[in-house]
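Data block below; observations after.
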Amino acid sequence: MAVLEQPNARISSAQPVMELRGLKKSFGKLDVLKGIDLSVPPGDVLALIGPSGSGKSTLIRCMNMLEVPTGGTLTFRGQPVARRFRDQAGSIGMGKLRRHVGMVFQHFNLFPHMTVLDNITRGPRVVLGESRASAEEHALELLAQVGLADKRGAYPAHLSGGQKQRVAIARALAMRPDMLLLDEVTSALDPELVGEVLAVIRKLADGGMTMVLVTHEMGFAAEVANRVIFMEGGVIAEEGSPEGILRNPKSERLRGFLSRFH
Ligand code: ADP
Ligand code: MG
C-alpha cells in the first residue's frame, strides 16, 4: 500500500482547536467513555477507528456537545466549554461550540422538504443571521466545490447517496466551521459512490480543514489522516501516525481489528 508512505506531518505549535481532558460519558450505568485525553491542533486530520460499540460516535458527538459529557473537560480554542447553551464569562456555551464545530452524519440528515440550496442556507440564515443573497452566494460556491453546482434546486429524494452526502458536507461548511466532525460518512453508501465523497474530504484536508473522522476506510485513513486513534472499550487503546498504527500495530487487539480489513 504505497499510500502509507506519503509524508503526513502537520506539526504545529499553535493552540489546539480542541482539547479533551479525562472526558467521560455514561448512559445510566453504562460507562461508554472512560476518560479520553485528546488534543486537536489546527489543520490536523484525526481518524478514529475501532470496533463497533467502542464509543467512537459517542466521542465525536461529545466534541460538539450533541452528547453532553458526564465528566472531564472540553476546551475549544483555549476556552472551557460549559454544559449550558449560553456563553458566560470565562467559558463558552454549547450554542457557540456547535456553530464552530460542524458535524456530518452517516445518514446525511438533510431536510427532506427543502431544496439543496435551502438545506445549505438555512443554518447561516437562521443561526448566523446572514442575508439570503449572501448565504446563497456562499452556498453556490460550496456546491461548486463539492461538484454539485447543477443540483441547487433538487430535493434530497432525487439525489444519490453520494450526492446527498456531498450536500451534507456543503451544509456543514456553510457555517464556516473551525473544525468538522465526520461520523462514518461513507458507511451508508453503495461502494461505487464512496470515492466521490472521499475525494471531497481529501480536498478539505489538503485545504487545511481540521477534521476528526470515524471511518472504516483504512486505506483512506492512512492517506488523509496525520494521526490515527484506535478506540476500544471507551478508551484510546493506541494512537500514532497512520504508518505506526496501521502498519506496525503494537497490541494484539489492534492487530486483530485490522486483520478484518484485509
Ligand atoms: P461506536 O460508534 O464505536 O460503534 P457508540 O459510541 O455508538 O460506539 O456506542 C458505544 C456504546 O454506547 C454502545 O454500547 C451503545 O449501545 C451505547 N450508547 C450509545 N448511545 C447511547 C444512548 N443514547 N443511550 C444509551 N446507550 C448508548
Ligand atoms: Mg458509531
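When a ligand or atom number is given, it counts from 1 through the structure's own listing order. Note that these values count all heavy atoms, side chains included, but never hydrogens, waters or copies made by symmetry.
V101 has its side chain within reach of F76: a pair of non-hydrogen atoms, C-beta onward, lies under 4.5 Å apart.
A cation-pi arrangement is not found for R61 relative to F105, the charged atom failing to lie both closer than 6.0 Å to the ring centre and inside a 45° cone about the ring normal.
The number of heavy atoms from other shown groups lying within 6.0 Å of CZ (R83) is above 12. Residue R253 places its CZ atom among 12 or fewer non-hydrogen atoms of other residues, nucleotides or ligands, all under 6.0 Å distant. Environment of CZ in R152: sparse, with no more than 12 heavy atoms of neighbouring residues, nucleotides or ligands closer than 6.0 Å.
Protein heavy atoms all stay at least 4.0 Å away from atom 16 (O) of ligand 1.
Those atoms of ligand 1 with a heavy atom of S52 less than 4.0 angstrom away are 4 (O). Numbered from 1 in the order shown, with element, the atoms of ligand 1 that lie under 4.0 Å from a heavy atom of P51 read 3 (O).
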Quick one: do T210 and D44 satisfy side-chain hydrogen bond (donor to acceptor under 3.5 Å, both in side chains)? Show the steps, please.
CA-CA 5 Å; T210 308; D44 253 31; over 6 Å; no
Could you go through the side-chain hydrogen bond (donor to acceptor under 3.5 Å, both in side chains) check for R125 and S131 one step at a time?
CA-CA 6 Å; R125 294 182 62 199; S131 70; over 6 Å; no
Can you list the steps and then say if S54 with E232 is a side-chain hydrogen bond (donor to acceptor under 3.5 Å, both in side chains)?
CA-CA 5 Å; S54 57; E232 229 219 352; over 6 Å; no
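For G55, a nitrogen or oxygen atom sits less than 3.5 Å from a nitrogen or oxygen atom of ligand 1, counting backbone and side chain alike.
Heavy-atom distances between G53 and ligand 1 reach below 4.0 Å in at least one pair. For the pair G234 and ligand 1, no heavy-atom separation below 4.0 Å is found.
In T58, the parts holding a heavy atom less than 4.0 Å from any atom of ligand 1 are both the side chain and the backbone.
Atom 14 (O) of ligand 1 has its closest protein heavy atom at L30 CD2, 3.9 Å. Protein heavy atom nearest atom 19 (C) of ligand 1, with residue, atom name and distance: F27 CE1, 3.6 Å. Looking from atom 12 (O) of ligand 1 to the surrounding protein, the closest heavy atom is V32 CG2, 3.1 Å. Atom 7 (O) of ligand 1 has as its closest protein heavy atom S57 CB, 3.6 Å.
With 2.8 Å as the limit, T58 does not count as an N, O or S neighbour of the Mg ion (ligand 2).
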